[in-house]
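One is the number of the first residue; the rest follow in order along the sequence. Computed from heavy atoms alone, side chains included, the values below leave out hydrogens, waters and symmetry copies.
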Amino acid sequence: MSLQLPSPPLASRSPILVIKPCFRRPLSVSCKAKKDPVTTTTNPGSSSTVLEIAAIGGGLISTPVIAWSLYTLKTTGCGLPPGPAGSIGALEGVSYLAVVGIVGWSIYTKAKTGSGLPNGPFGLLGAVEGLSYLSLLAILLVFGLQFVEKGSLPGPLPTDQCFG
């Protein structure tokens, strides 16, 4: 905008505001999809997703719990005791599900991409993947030995034989 005073014969009048045309940029509209909370990265500079970090946390907790459970099963013939309000038994069950889930995710990724899970931060997801495969091997071995020696596996709930 510029202010321009009128010519001298019109000096008695008030100044007139003259607006000069300016160049306008074309309007640009862009749409972005909402980010999926499962695959949203936690750090803009990081490539780890929420699912990967959850798998790392779950795997690092579940593999020692499974080792404890398998040792208890082999030595006593029963799984872990229920614990206060069933919390230890629940942790045992969720741990088995977590390991099976990580191995399933790994097999799916291997079939889809030709390689296993990504390494994740500090190589922890790769370590959890390896520990999950070792846990699955140990599960098959100990469950097989238990079935051969006792003829059955203990149920998921306390019975007269185990903690009843």
Side-chain angles (χ1 to χ4, degrees), residues 25-164:
R25 286 184 265 171
L27 178 64
S28 66
V29 177
S30 64
C31 296
K32 295 183 180 180
K34 289 184 178 180
K35 292 183 179 180
D36 184 11
V38 173
T39 58
T40 302
T41 58
T42 55
N43 226 345
S46 170
S47 63
S48 299
T49 63
V50 173
L51 181 61
E52 290 174 358
I53 292 172
I56 290 169
L60 289 176
I61 292 170
S62 65
T63 50
V65 170
I66 288 177
W68 179 27
S69 170
L70 293 176
Y71 174 76
T72 305
L73 176 63
K74 186 66 184 128
T75 57
T76 67
C78 299
L80 294 177
S87 59
I88 296 175
L91 180 63
E92 178 185 22
V94 170
S95 295
Y96 279 100
L97 292 175
V99 164
V100 169
I102 291 169
V103 168
W105 181 27
S106 172
I107 291 170
Y108 172 77
T109 304
K110 179 76 171 176
K112 188 175 177 185
T113 64
S115 63
L117 297 177
N119 285 335
F122 306 109
L124 288 174
L125 186 58
V128 164
E129 180 183 16
L131 287 172
S132 295
Y133 276 106
L134 287 174
S135 294
L136 183 63
L137 181 63
I139 290 167
L140 294 175
L141 180 69
V142 172
F143 279 18
L145 289 172
Q146 175 77 12
F147 190 77
V148 167
E149 291 173 3
K150 307 273 182 172
S152 67
L153 295 173
L157 298 175
T159 62
D160 292 335
Q161 177 192 359
C162 297
F163 315 110

From the list Ser135, Ser62, Ser69, side chain to side chain donor-acceptor pair (under 3.5 Å) partner of Tyr96 resolves to Ser69

For the atom pair [atom1] ([X]) and [atom2] ([Y]), what is the distance rounded to the nearest 0.5 Å?
X: Leu134; Y: Ile66; atom1: CG; atom2: CD1; result: 11.5 Å
X: Tyr71; Y: Thr76; atom1: OH; atom2: OG1; result: 9.5 Å
X: Leu80; Y: Ser87; atom1: CG; atom2: OG; result: 10.5 Å

Run the numbers on Trp68 and Leu91 for side-chain contact (heavy atoms from CB on, under 4.5 Å), then give the verdict.
CA-CA 11 Å; Trp68 179 27; Leu91 180 63; 6.0 Å; no

For the residue pair [X] and [Y], what are the closest heavy atoms and their distance?
X: Ile56; Y: Pro121; value: CD1-CD, 3.8 Å
X: Glu92; Y: Gly79; value: OE2-CA, 3.8 Å
X: Gly83; Y: Ile88; value: CA-CD1, 3.9 Å
X: Leu73; Y: Gln146; value: O-OE1, 3.6 Å
X: Thr63; Y: Leu60; value: OG1-O, 4.1 Å
X: Leu125; Y: Ala55; value: CD1-CB, 4.0 Å

From the list Leu145, Val142, Leu141, side-chain contact (heavy atoms from CB on, under 4.5 Å) with Leu70 holds only for Val142

For residues 119-130, the side chain to side chain donor-acceptor pair (under 3.5 Å) pairs (sequence neighbours left out) are Ser106-Glu129

Phe143 atom CZ, neighbour heavy-atom count above 12 within 6.0 Å: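 Yes - once you tally the heavy atoms of other residues, nucleotides and ligands closer than 6.0 Å, there are more than 12.
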
